[in-house]
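Because only heavy atoms are used, hydrogens play no part in the values below, and waters and symmetry mates are left out as well, while side chains stay in. Numbering of ligands and ligand atoms starts at 1, following listing order. Owing to the predicted nature of the structure, the values given are computational and were not obtained by experimental measurement.
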Amino acid sequence: MNSVAPHRRRLLAGIAALWAGTVWPTAGRAAPEAEAQWPDASAVPGGVALLPLGPAADRPTAWSDDARLLVVGSPVGWTALVGIPLSAAPGPAQIVVEAADGSRRRVAYQIAPKSYAQQRLKVAPRTVELSPEDLARHERERARQQLVMARFSEPLPTNLRMQAPVGGTRSSSFGLRRVFNGEARQPHSGMDIAAGTGTVVRAPLAGEVVDTGDYFFNGQTVWIDHGGGVFSMLCHLSRIDVRVGDRLAQGQALAAVGATGRVTGPHLHWGVVLNRVSVDPALFIHA
Ligand code: ZN
């Protein structure tokens, strides 16, 4: 048998083209395998910059601030994926790249401005002001989240093509700036998906469950480590069906939608974290 399956043949042709230094056509039908594998490049606050690092025999290591970056590609050309914080100022930015021989260089890029919608709300003060006990609890939970996000595990993901964890209407409220009684709050750092209590929640990408808990704001929550500093956070769950250490395949059921934590009704909040930064989950879904 010398026949090669069509998809395999396409893949081999794609690899051959990459080795030959071919540039993918920008018009017409480009190679879907190559394009849909990584998040859409969007060098704005809350987006992901894809920075070409050039060829090298060994995968370089890269950092943004002190957070290690996911570097993907092959010896023909490496690319650093940089999650940009919602709080980042537009303008010049840079990462640090270390080659296998230990030599370091800086790679500069530009963060373009993006204006997110603002929501001004007047509410009864006691609904937004936390008691000292609740505030202390929230601070403890935030520290725990930072620890979860500090992991940089291998194997690295071979693609970041995610699937929405539940069907349903996806809000475009990522980055929404919320002002309660004239006071700015944290902007909305994930995607809300409308779904009824009990709807099955599925893993957006393969990974390992690294934290579960019942948190003040986020309610019942599951964190999935996809490798390379990429995480999904699924919040306000009514039920959690997995435990820390469980390995999940993409699409595997793990929990049910609910209204736990500080919410007004049942929905799923899905957060995606890259180099300890919350970025827009919509960039990882390719329709
Ligand atoms: Zn939300």
Query - Over-ring placement of Arg104 relative to Trp63, 6.0 Å and 45° cut-offs - result: yes

Query raised in the report: Taking both backbone and side chain into account, is any N, O or S atom of His236 nearer than 2.8 Å to the Zn ion (ligand 1)?
Result: no

Report task. Would you name the N/O/S atom of Asp192 that lies closest to the Zn ion (ligand 1)? Result -> OD1

Query raised in the report: Given the rule in the salt bridge (charged side-chain N to carboxylate O under 4.0 Å, His left out) test, do Arg137 and Glu139 qualify, once you have shown the distances and angles that lead to the verdict?
Result: CA-CA 5 Å; Arg137 178 184 167 188; Glu139 290 302 329; over 6 Å; no

Report task. Calculate the angle formed at the Zn ion (ligand 1) by ND1 in His269 and NE2 in His188; 10° precision is enough. Result -> 100°

Report summary line: Only one of Leu205, Asp40, Val48, Asn159 passes side-chain contact (heavy atoms from CB on, under 4.5 Å) with Phe284, and that residue is Val48

Query raised in the report: Within the distance-only criterion (no hydrogens, no angle test), does the side chain of Gln94 pair as donor or acceptor with the backbone N or O of Arg106 below 3.5 angstrom?
Result: no

Query raised in the report: N/O/S of Cys235 less than 2.8 Å from the Zn ion (ligand 1)?
Result: no

